[in-house]
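All of these numbers come straight from a predicted model, not from anything done at the bench. In this chain, numbering begins with 1 at the start of the sequence shown. Order of appearance sets the numbers: ligands from 1, and atoms from 1 within every ligand.
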Amino acid sequence: MTAKSTKSLVLLGGGKPAAPARAGRVWLVGAGPGDPDLLTIKALKALSAADVVVHDGLVSDEILALAPAMARRISVAKRKSRHSYAQDEINRMLVAFAQDGLQVVRLKGGDPFIFGRGGEELEACRAAGVECLVAPGVTAALAASAAAGAPLTHRGAAQAVTFVTGHAAKGAEPDLDWEHLARANHTVVIYMGVSTAGPIAGRLMDAGRDPATPALIVENASRADEARIVTTLGDLASAAAGLAGPALLIVGEAMALAQASTPMIADLVSTAQAARA
Ligand code: SAH
């Protein structure tokens with residue numbers, strides 16, 4: 001008797017309960033800043049194989065449409081009026097779906113590990129013995145600086161770049177090394193900083209950063225409604241006032257290269273197509 005037929009006999013004998021056809025797992029997928037063209041091929045592959053997609057509010061419908069039509073889509077976006085999911089509820093949901101044998105995609109704006117709480121979801125999966133894989137995403141800072149033509153590092157003007165949050169847990173002011181952030185020739189990118197732009201700019205200037213340091217604000221980076229404001233550290237708070245969409249504040253000498261209006265890639269492609277037609 002061959003090895004193959006022995007195996008079939010064991011299966012037919014029904015000794016052990018059948019294992020799930022495939023193991024469930026969680027993919028933490030970065031959806032990028034909005035433009036579906038900025039999705040990675042790895043993210044697209046994970047999305048195409050999803051049974052369930054658990055997504056937050058920053059993910060566009062266009063990207064969600066890339067999951068199979070049959071895949072269940074669950075929004076865990078923070079909402080003012082309806083129930084918002086607490087982080088531990090999201091963690092439990094991801095683990096439970098994977099333990100049911102499902103391919104779970106946890107789809108997050110930008111990169112899952114940049115101010116995205118992906119680390120907590122990864123730890124929850126590890127604690128439960130659930131396989132968790134990560135598809136990195138283009139974080140908002142990269143899209144914002146690319147669109148404005150303003151490099152985050154630049155020879156002679158920015159030897160380092162630091163990503164900071166404008167909000168710490170429970171709305172407290174972030175505990176940052178302001179002396180370090182205030183050093184010249186250093187780009188500081190502030191996520192979640194629109195409502196705290198005044199105090200943050202104040203801290204940087206108090207620590208010695210020149211109020212004339214160039215600054216850039218990009219709202220809705222990479223989306224059709226992207227808006228850019230070229231300003232200075234001294235005017236950062238007034239420039240940020242009233243912004244409604246997700247926005248980044250970027251401060252540093254290299255932001256002198258920022259252009260308030262440059263055509264988006266999509267516009268360039270359509271112009272080129274029109275020219276060829
Ligand atoms: N994981 C995300 C960041 C989540 S924190 C990433 O890697 O990009 C949410 C903050 O990200 C927002 O408050 C805003 O500061 C920034 N952000 C996210 N998407 C953005 C976009 N398209 N344009 C500008 N800022 C964005």
Output a table of donor-acceptor pairs, distance under 3.5 Å, between side-chain atoms of residues 121-144 and any protein atom two or more places apart or on a different chain; print 'none' if there are none.
unit_1	atom_1	unit_2	atom_2	d
Glu121	OE1	Arg106	NE	3.3
Glu121	OE1	Lys108	NZ	3.2
Glu121	OE2	Gln87	NE2	2.9
Glu121	OE2	Arg106	NE	3.1
Glu121	OE2	Lys108	NZ	3.2
Glu131	OE1	Arg25	NE	2.9
Glu131	OE1	Arg25	NH2	3.4
Thr139	OG1	Tyr191	OH	2.6

Pairs of nitrogen or oxygen atoms, one from ligand 1 and one from the protein, closer than 3.5 Å: please tabulate them with distances.
unit_1	atom_1	unit_2	atom_2	d
ligand 1	1 (N)	Gly109	O	2.9
ligand 1	1 (N)	Asp111	O	3.0
ligand 1	1 (N)	Ile114	O	2.7
ligand 1	7 (O)	Asp111	N	2.8
ligand 1	7 (O)	Thr139	OG1	2.6
ligand 1	8 (O)	Thr139	OG1	3.3
ligand 1	8 (O)	Ala140	N	3.0
ligand 1	15 (O)	Met192	N	2.9
ligand 1	15 (O)	Ala247	O	2.7
ligand 1	22 (N)	Pro33	O	3.0
ligand 1	22 (N)	Ala221	N	3.4
ligand 1	22 (N)	Ala221	O	3.1
ligand 1	23 (N)	Ala221	N	2.8

**Report entry** Worked check of side-chain contact (heavy atoms from CB on, under 4.5 Å) between Ile200 and Trp178
**Finding:** CA-CA 9 Å; Ile200 287 174; Trp178 299 105; 4.2 Å; yes
Query - Among Asp35, Leu39, Leu58, side chain to side chain contact (heavy atoms under 4.5 Å, CB included) partner for Ile63 - result: Leu39
Query raised in the report: Is Arg223 close to Pro246 at the side-chain level, that is, under 4.5 Å between some pair of heavy atoms?
Result: yes
Query raised in the report: Excluding sequence neighbours, so at least two apart, what forms side-chain contact (heavy atoms from CB on, under 4.5 Å) with Pro68?
Result: Ala71
Which atom pairs, donor and acceptor, lie under 3.5 Å between side-chain atoms of residues 208-215 and protein residues at least two apart or in another chain?
unit_1	atom_1	unit_2	atom_2	d
Arg209	NH1	Leu181	O	3.1
Arg209	NH1	Arg183	O	3.4
Arg209	NH1	His186	O	2.9
Arg209	NH2	His186	O	2.7
Arg209	NH2	Glu253	OE1	2.7
Arg209	NH2	Glu253	OE2	3.4
Asp210	OD1	Ala212	N	2.9
Thr213	OG1	Asp210	O	2.5

